[in-house]
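Keep in mind that what you see is a predicted model, and the values were worked out from it rather than measured. Positions are given from 1, in the same order as the sequence printed here.
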Amino acid sequence: MDNVCVAGFGEVMLRLSPEGKLRFSQSFPGRIEAIFGGGEANVCVSLAQFGMRSRYLTALPKANPIVDAFIAEMRGLGVDTERIVRTDGGRLGIYFAEPGSNQRGSAVVYDRAGSAVSETGPDGYDFDAMLDGVTWLHLSGITPSLTEKAYLSTLALAEKASACGIKISCDLNFRKKLWKWRAGTEPKKLAADCMGRIVPLADVIIGNEEDAADVFGIHAADTSVESGRINVSAYRNVALALSERFPKASHVAITLRESHSADHNNWGAMLYEAASGNASFAPLSADGTYAPYEIRSIVDRLGGGDSFCAGLIYALNTEEYSDPAKAAAFAVAASCLKHSIYGDYNRCTVGEVVSLMSGNASGRVKR
């Protein structure tokens, strides 16, 4: 594991949230909580918490004390920030996150137009320096959804990494509020066009229960995500279809969230191995059947998918957990624990993940 270095490229934002379960209308003017978050940054932090070397790649504005605070935080968490590009223009994006409760869902409002990442094209990066010593690159569908420049930078970095023999994981991560930078093109069509050039370079494809449908029109039979009804067995065929369309991918992972309310979700996943055609579901009951974690008092679900990505990357790069069944179990357990942690980052250890994998889910005090 010492020779593994995972880089994540994407946008980080300042996250502003009301205290507790308050709504926006109850909080402004008033007190709000400010933290940092962003898909690829979340993955890098998780991996650093697991003891794996990680490097965060992005573009951020110069002479900005808020950006300086973010970089200092990342360094303090063990993430390499030396290849972050500091730009003369652009800004730090912001997103407002209103927590849901019971039958009221969470809400996100973006204020990220003009961010440094969205305004930096391929010529603004030194890809050789960014990838020096890197063995694995993690990307998502969020960054290319921002602007054409951000898309072209993501694509160029992926092409460079692929040419260098660096493994690539790509989280489809479709956001319907984004993908609006090409006038006259629907977001799903734009996502399909752009991700259709990035995903063929990926060795590991990751998505949630609806990403494949939203981006590539590959649907799971007898499934209604909006009503929380998931036909788990149908996702093997979804993964098979993705694998056939993108043959470079050795693995396809799909997280399976059944949302009963904002506070109660069932959580599991499937990992498909292209070479064998086998699909490993996790978690499993004592008799070997799929039995998702029942998370009944969610603290914060934002970053849940990123924590799954980090858990999967860690497992696939660690001999002890690289078997598909173990990798799926590790990734799901890691992301289950993230739901108990406030903020975008998953601040749990390998030992805590392994404990949950082993069935220690009682939450008892450790004395």
Does the side-chain contact (heavy atoms from CB on, under 4.5 Å) test come out yes or no for I206 and I254, once each step is laid out? CA-CA 6 Å; I206 305 167; I254 299 176; over 6 Å; no
Is the closest side-chain donor-acceptor distance between S115 and S118 under 3.5 Å? yes
Please tell me whether T81 and R75 have a donor and an acceptor in their side chains that are separated by less than 3.5 angstrom. yes
Euclidean distance, T135 OG1 relative to N317 CG, rounded to 0.5 Å: 6.0 Å
Take D88 and K62 through the salt bridge (charged side-chain N to carboxylate O under 4.0 Å, His left out) test and state the conclusion after the steps. CA-CA 6 Å; D88 293 320; K62 294 178 182 176; 3.2 Å; yes
According to a 4.5 Å side-chain heavy-atom criterion applied to Ile, Leu, Val, Met, Phe, Trp and Tyr, with indirect links allowed, do Y290 and V238 form part of one hydrophobic cluster? yes
Should the pair R15 and Y342 be classed as cation-pi, given the thresholds of under 6.0 Å to the six-membered ring centre and 45° from the axis? yes
If I take atom CD1 from residue I218 and atom CG from residue N237, how far apart are they, to the nearest 0.5 angstrom? 11.0 Å
Determine whether H138 and V43 satisfy the following criterion, side-chain contact (heavy atoms from CB on, under 4.5 Å), listing intermediate values before the conclusion. CA-CA 8 Å; H138 180 69; V43 169; 3.8 Å; yes
Do you know the tightest heavy-atom contact between A69 and F36? C-CE1, 4.2 Å
Mind checking the CD1-OG spacing from I205 to S243? Nearest 0.5 Å is all I need. 7.5 Å
Trace of the ring pair (Phe, Tyr, Trp, His ring centres under 6.0 Å) decision for F216 with F246: CA-CA 11 Å; F216 295 119; F246 305 109; 5.0 Å; yes
Indicate whether any N or O donor in one side chain lies under 3.5 Å from an N or O acceptor in the other, for S233 and N231. yes
Judged by modelled atom types alone, do S250 and K167 share a side-chain donor-acceptor pair under 3.5 Å? no
May I ask you to test the P292-L256 pair for a side-chain heavy-atom distance under 4.5 Å? no
Would you kindly say whether S140 and E40 are connected by a side-chain donor-acceptor distance under 3.5 Å? yes
Treating Ile, Leu, Val, Met, Phe, Trp and Tyr as nodes and any side-chain heavy-atom pair under 4.5 angstrom as an edge, say whether M74 and Y314 lie in one connected cluster. no
Check: Y95 and V109 side chains under 4.5 Å, non-hydrogen atoms: no
SB check D214 K176 (cutoff 4.0 Å): no
For I168 and S162, which heavy atoms make the closest approach, and how far apart are they? CD1-N, 3.9 Å
Ring-plane angle category for Y56 and F70, please: parallel below 30°, perpendicular beyond 60°, tilted otherwise. perpendicular
Closest contact, heavy atoms only, A191 versus V215: O-CG1, 4.0 Å
Any chance the side chains of E73 and Y345 put a donor and an acceptor closer than 3.5 Å? yes
Hey, could you give me the NZ/OG distance between K338 and S307, rounded to the nearest 0.5 Å? 6.5 Å
Working note: R112 + E11, criterion salt bridge (charged side-chain N to carboxylate O under 4.0 Å, His left out); need CA distance, chi angles, decisive distance, verdict. CA-CA 10 Å; R112 63 203 303 179; E11 180 180 36; 2.8 Å; yes
Would you mind reporting whether H260 and N266 have side-chain heavy atoms less than 4.5 Å apart? yes
Take the angle between the ring planes of W181 and Y151 and call it parallel below 30°, perpendicular above 60°, tilted in between. parallel
What do the steps show when you test K160 against D128 for salt bridge (charged side-chain N to carboxylate O under 4.0 Å, His left out), and what is the final call? CA-CA 8 Å; K160 179 69 174 180; D128 289 324; 2.8 Å; yes
Do D193 and R182 sit within salt-bridge range, that is, some charged N less than 4.0 Å from a carboxylate O? yes
Co-membership, hydrophobic cluster, residues L157 and I166, 4.5 Å side-chain: yes
Over 60° means perpendicular and under 30° means parallel, so tell me whether W267 and H339 are parallel, tilted or perpendicular. tilted
Using a 6.0 Å cut-off, check whether atom CD of Q26 has over 12 heavy atoms from anything other than its own residue. yes
Sub-4.5 Å side-chain heavy-atom contact between D306 and N346: no
With a cut-off of 6.0 Å (strictly less than), are more than 12 heavy atoms of other residues, nucleotides or ligands near CD of E320? no
Taking all non-hydrogen atoms of both residues, which atom of L22 and which atom of S27 are closest, and how far apart? CB-OG, 3.6 Å
Aromatic plane relationship, F9 with Y125 - under 30° parallel, 30 to 60° tilted, over 60° perpendicular: perpendicular
Taking every heavy atom of V332 against every heavy atom of P283, the minimum-distance pair comes out as CG1-CD, 3.7 Å
Between K21 and D263, is there a side-chain N and carboxylate O pair less than 4.0 Å apart? yes
Pairing of E294 and R296 as salt bridge, 4.0 angstrom limit: yes
Less than 4.0 angstrom from a charged side-chain N to a carboxylate O is my criterion; do D111 and R91 meet it? yes
Please report the interatomic distance CG(L172) to CG(L139), rounded to the nearest 0.5 Å. 11.5 Å
Kindly compute the distance separating OG (S17) from CG (D344), expressed to the nearest 0.5 Å. 8.5 Å
ILVMFWY cluster, V134 and M130 together (side-chain gap under 4.5 Å): yes
Ion pair check, D132 and R83, cut-off under 4.0 Å: yes
Report the C-alpha separation of R104 and E98 in whole Å, then their side-chain angles, then the decisive distance to 0.1 Å, and conclude whether the salt bridge (charged side-chain N to carboxylate O under 4.0 Å, His left out) test is met. CA-CA 10 Å; R104 174 174 58 81; E98 180 185 86; 3.7 Å; yes
Taking a hydrophobic cluster as the set of Ile, Leu, Val, Met, Phe, Trp and Tyr residues connected by side-chain heavy atoms closer than 4.5 Å, whether directly or through intermediates, do L302 and I341 fall within one such cluster? no
Heavy-atom closest pair, residues A158 and L201: CB-CD1, 3.7 Å
